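So the structure is just underneath, and the comments pick up after that.
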Amino acid sequence: MIKVNNLHKSLTDEGNKRHILKGITTQFEAGEMIGIVGPSGSGKSTLLRCLALREKWDNGEYTWDGNSVIKGGGRGPQKYRSKCAYLEQNPSLIIDKTALKNVLIGQAGQVSRLRRLVGMVRSDDYMGAMDELEKYGLLDKAKLKAGNLSGGEKQRVAICRALVHGAGFIAADEPVIGLDPKTAEHVLNTLKTLCKEQDKIVIAALPIELAEKFCTRIWGIIDGELRLDVKGRRLTMDEKRSIDLV
Ligand code: ADP
Ligand code: MG
């Protein structure tokens, strides 16, 4: 169980302090696939980066299975950061390295800087990475440079990379934007299967239609506040209206 209590986040923009997340309180647990919906600028990406410990919090409490990760400000220790993966819209793969090497080296923020720098690879990592790539139909792409992969393949390599490095929680920021509908479904089904079969937690910023189709729970956010938290059903028209989605 992951709990967030009163998460606040502000940013200073041209000297003006702006409150971006205004006291987010929630909890979620293994196996959940949560879709975050809300208008542009409502704070979806910031919330995802904070939850994945990729960005500092001003204030708030964060616990994993009762253990304190953050109390007050800060970004949380590496020990917890390595359990969270952050999937961006355009996965930050190293384009001139192979898919396999990308999986092995790991993600900035998830593995130590030293390990990334020297590309340290343990021999059991190699087998693990090949196993993951095979599971996602990417074995024949393992030796291709990441820059030559399609959008859906890149996103699946990023998912493999997250899993190989032990992520239990994947925060995904609009992971299927720009992908054709079939590929988008493939990527979202991949994430859904991880939740269902491996008890991972996925939280993804998604368009409402995809959140309703793939997620077990929907968070509606507007103006930095979590207004809706709905499980196992679609949003009503009134709910959509309350977060400016219609
Ligand atoms: P969303 O993902 O829902 O579109 P974001 O989390 O990206 O929203 O942004 C929330 C608010 O924070 C927006 O008003 C945006 O302009 C502001 N914001 C995001 N990143 C920065 C930044 N680095 N500096 C200043 N303001 C930012
Ligand atoms: Mg965003």
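Side chains included, hydrogens not; waters and symmetry mates left out as well; all remaining heavy atoms used. Every value quoted in this text rests on a predicted model; they were computed, and no experiment measured them. Order of appearance sets the numbers: ligands from 1, and atoms from 1 within every ligand. The first residue of the sequence shown is numbered 1, and numbering continues consecutively from there.
- Considering only non-hydrogen protein atoms, atom 6 (O) of ligand 1 sits nearest to T46 OG1, 2.5 Å.
- Taking CG from L87 and CG from D173, the interatomic distance works out to 9.5 Å, rounded to the nearest 0.5 Å.
- The two atoms that bring K17 and S10 nearest to each other are CE-OG, 3.1 Å, heavy atoms only.
- Using a 4.0 Å heavy-atom cutoff, P39 is listed among the residues neighbouring ligand 1.
- Heavy atoms only, all atoms of each residue included: K154 and A146 are closest at CE-O, 3.3 Å.
- In terms of protein heavy atoms, atom 12 (O) of ligand 1 is closest to I20 CD1, 3.1 Å.
- Atom 2 (O) of ligand 1 has its closest protein heavy atom at S45 OG, 2.7 Å.
- At least one N/O-N/O distance between G43 and ligand 1 falls below 3.5 Å.
- For ligand 1 and L11, the ligand atoms under 4.0 Å from any heavy atom of the residue are 18 (N), 19 (C), 20 (N), 21 (C), 22 (C), 24 (N), 25 (C), 26 (N), 27 (C).
- Among the atoms of K44, some N or O lies under 3.5 angstrom from an N or O of ligand 1.
- An N or O contact shorter than 3.5 Å links R18 to ligand 1 by distance.
- Considering backbone and side-chain atoms alike, G41 places an N or O below 3.5 Å from some N or O of ligand 1.
- Using 4.0 Å as the threshold, G38 has no heavy atom nearer than that to any atom of ligand 1.
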